[in-house]
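Since the structure comes first, as structure tokens, the remarks are kept for the end.
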Amino acid sequence: MAKKIDQYRINQSGGDLETHHIFLDTLAHSKERLLGISEKKFEIPLSRNIIYLLFGFFLLCTLVLFSRTFYLQVFKGDKLYTQSQNNRGRLGLIPAERGIIYDKNYTKLVVNAPDFDLLCDKRVFLTPTEANQKEISHIAGATGQTTQEITDLFNNSDASKVLIFQNIPQEMLLILATKTGDLPDCKIEENTVRNYAFSPTFSHLLGYTGKPSKADLENTKITTIDNVGKTGLEKYYQDYLQGTAGKKDNEENGKIITPVNPGNNLVLNIDAGLQKTVYLALEKSIKNIGSKKGAAVAIDPRTGAVLALVSYPAYDNNIFSQSISQADYNKLQNDPNQPFFNRVTGAKYPIGSTIKPFEAVAALQENLISPTKQINDPGYILVRSQNDPSISYRFEGVKPHGFVDMKKAIAVSSNVYFYTVGGGYGDQKGLGPARIKKYLDLFGFEQKTGIDLPGEFGGFVPSPTWKKEVKKEGWWDGDTYNLSIGQSDLQITPLQVAMGYVAIANGGTLYKPQ
């Protein structure tokens with residue numbers, strides 16, 4: 001029987017051809033005719049490079065996923081956990097007391113006063129319904145806001161609990177207490193608010209606090225119920241003054257999970273009595289000369305300690321603890337006298353005659369002139385044009401002072417003397433722009449002083465190179481004469497000038513003001 005079967009077997013090079021081979025071959029040819037392609041196409045293996053590429057791609061995706069998971073679990077885990085628990089209403093936050101600020105004599109400059117805030121659950125108001133729109137109307141009626149203002153608060157907030165009204169006054173608090181049934185998705189929370197004892201005298205120095213921005217909340221120490229420093233020392237020492245909020249379990253009768261960690265207190269070099277005296281004196285002087293703006297600073301030359309720092313006009317920083325309206329804020333912001341601007345650290349002035357002692361130091365250091373040499377001050381100098389000798393330019397002094405030496409020139413503020421020392425005149429050689437700039441730089445006029453306040457300007461002293469590159473103009477003798485009396489394109493802050501005088505007073509030490 002086996003022999004009979006063998007006679008029907010077909011031989012092939014790779015072995016015997018079985019019945020299922022014929023069946024598969026028939027299917028393959030049918031598929032080839034149907035698709036119009038060769039069966040050989042199905043047998044081409046993937047290249048090794050493609051396999052490596054696919055492997056690398058999947059490995060990269062795995063690493064990215066693992067890294068993101070690690071970051072969220074390890075670095076952001078605590079904050080995300082707290083947020084998730086808050087979203088489900090289990091965990092509550094306990095506000096931390098912000099540190100108190102004292103003057104050098106331990107007089108309190110700012111304290112924390114009790115505060116009540118109205119907060120509402122944003123999730124309820126994401127999709128408008130008849131019920132939540134009615135609730136918004138009740139909120140508006142109780143707080144005196146418009147329904148659109150409240151809706152905007154929900155739309156613009158990134159927090160799950162939105163601050164609707166801060167520092168609720170007593171009358172409003174009583175009204176809200178009677179409307180708890182109409183406001184099921186809102187609640188009044190007790191907090192603290194900053195109370196500035198000597199406002200506006202200290203407004204630019206201390207600054208103010210406000211609710212955290214989205215960027216502020218990136219700091220894991222800050223929560224939505226905190227107030228953070230926005231300007232002044234409140235901002236500069238934010239991390240030092242800011243405490244850490246505690247956590248409580250609302251589902252277990254307010255059980256404390258994490259205790260509150262209050263902020264640190266801050267003691268300044270500022271003397272509150274001197275600060276008030278300087279403020280009143282500056283205000284009086286500004287009004288007497290018919291001006292509207294000014295700055296004053298008092299420094300201890302032995303240490304660089306800032307004893308008083310005043311910018312005028314000022315503002316009442318307590319208004320930011322009382323839910324200032326947008327209209328009132330815009331009025332202050334758009335005031336041409338810029339009450340928010342700290343002129344001591346940020347204003348850029350050509351410093352005028354205050355430059356003269358620094359120029360005298362430079363002339364003495366360079367052995368350019370004897371301090372006893374007499375120079376005639378007739379009230380002006382005449383300088384011939386470099387291009388046309390028939391043309392003369394007149395540079396004015398304040399008034400004729402006659403013959404003056406260096407001490408008297410400083411005492412009477414003789415422009416003519418310092419025209420001569422700075423730019424040269426007659427037989428007396430001058431410092432020239434390069435050496436004037438060199439010594440002003442040594443006194444720190446082109447760098448920030450490093451004071452512990454935000455927003456400081458670094459200063460600027462012009463030079464021939466700068467004028468050529470920026471203004472596309474040459475440097476003339478007139479530029480040197482103007483620079484010699486503190487005019488020209490100088491941009492120096494009052495604080496930089498004060499610190500320069502400190503260095504003169506203490507024998508040459510340029511301190512960092514504190």
Side-chain angles (χ1 to χ4, degrees), residues 96-115 192-210 227-243 262-286 294-322 339-346 449-456 493-495 497-499 501-502 505-506 511-514:
E97 285 280 328
R98 192 172 176 85
I100 306 301
I101 302 179
Y102 300 86
D103 83 336
K104 64 182 296 182
N105 300 312
Y106 297 97
T107 300
K108 287 184 179 180
L109 304 179
V110 56
V111 296
N112 297 314
D115 170 47
T192 58
V193 67
R194 298 298 254 183
N195 189 342
Y196 300 96
F198 297 94
S199 189
T201 309
F202 281 83
S203 58
H204 294 97
L205 189 65
L206 298 177
Y208 58 88
T209 62
N227 288 311
V228 299
K230 297 296 184 179
T231 61
L233 291 170
E234 292 275 27
K235 180 177 181 179
Y236 191 92
Y237 286 105
Q238 163 61 26
D239 291 341
Y240 187 79
L241 293 165
Q242 179 70 54
N264 298 295
N265 296 333
L266 185 66
V267 180
L268 309 181
N269 285 318
I270 296 291
D271 184 313
L274 180 61
Q275 176 82 4
K276 184 176 180 180
T277 299
V278 171
Y279 180 88
L280 294 174
L282 177 64
E283 181 179 48
K284 182 178 179 180
S285 297
I286 287 173
V297 58
I299 312 287
D300 185 340
R302 299 167 297 181
T303 62
V306 180
L307 304 178
L309 188 151
V310 175
S311 180
Y312 190 88
Y315 63 96
D316 182 3
N317 40 3
N318 282 310
I319 60 177
F320 293 96
S321 302
Q322 301 166 3
F340 290 139
F341 183 41
N342 187 347
R343 290 174 169 79
V344 176
T345 58
T449 67
I451 190 172
D452 41 348
L453 281 173
E456 183 183 10
T493 68
L495 180 61
V497 176
M499 295 312 298
Y501 276 102
V502 162
N506 66 30
Y511 284 112
K512 174 183 176 179
Q514 310 124 41

Asn112 and Arg194: CA distance, side-chain angles, deciding distance, side chain to side chain contact (heavy atoms under 4.5 Å, CB included) verdict = CA-CA 5 Å; Asn112 297 314; Arg194 298 298 254 183; 2.8 Å; yes
Quick one: closest heavy-atom pair of [X] and [Y], and the distance?
| X | Y | answer |
| --- | --- | --- |
| Val267 | Tyr106 | CG2-CE2, 3.8 Å |
| Thr201 | Lys276 | CG2-CA, 3.8 Å |
| Asn318 | Ser199 | ND2-CB, 3.7 Å |
| Pro301 | Asn506 | O-ND2, 3.0 Å |
| Gly294 | Arg343 | O-CD, 3.8 Å |
| Val297 | Pro494 | CG1-O, 4.3 Å |

Measure the [atom1]-[atom2] distance between [X] and [Y] for me, rounded to the nearest 0.5 Å.
| X | Y | atom1 | atom2 | result |
| --- | --- | --- | --- | --- |
| Ile101 | Tyr196 | CD1 | OH | 6.5 Å |
| Asn342 | Leu205 | CG | CG | 8.0 Å |
| Asp115 | Ser321 | CG | OG | 8.5 Å |
| Leu280 | Tyr312 | CG | OH | 10.0 Å |
| Leu266 | Leu109 | CG | CG | 9.5 Å |
| Leu495 | Ile451 | CG | CD1 | 5.0 Å |

key: His204/Phe341 aromatic ring centres below 6.0 Å   = no
Looking at [X] and [Y], would you say the former's side chain and the latter's main chain have a donor-acceptor pair under 3.5 Å?
| X | Y | answer |
| --- | --- | --- |
| Asn195 | Val111 | no |
| Glu456 | Gly450 | yes |
| Tyr511 | Arg302 | yes |
| Gln275 | Leu309 | yes |
| Asn264 | Gly99 | no |

Any side-chain heavy-atom pair from [X] and [Y] closer than 4.5 angstrom?
| X | Y | result |
| --- | --- | --- |
| Val344 | Thr493 | no |
| Asn317 | Glu234 | no |
| Arg98 | Thr209 | yes |
| Pro200 | Tyr315 | no |

key: Residue from Asp300, Asn269, Leu268, Ile299 passing side-chain contact (heavy atoms from CB on, under 4.5 Å) with Gln514   = Asn269
query = Aromatic rings Phe340 and Phe320: how do their planes relate, parallel, tilted or perpendicular, breaks at 30° and 60°?
reply = tilted
Parallel, tilted or perpendicular: ring planes of Phe198 versus Phe202, cut at 30 and 60 degrees = tilted
Derivation of the side chain to side chain contact (heavy atoms under 4.5 Å, CB included) call for Lys104 and Leu307 = CA-CA 9 Å; Lys104 64 182 296 182; Leu307 304 178; 4.2 Å; yes
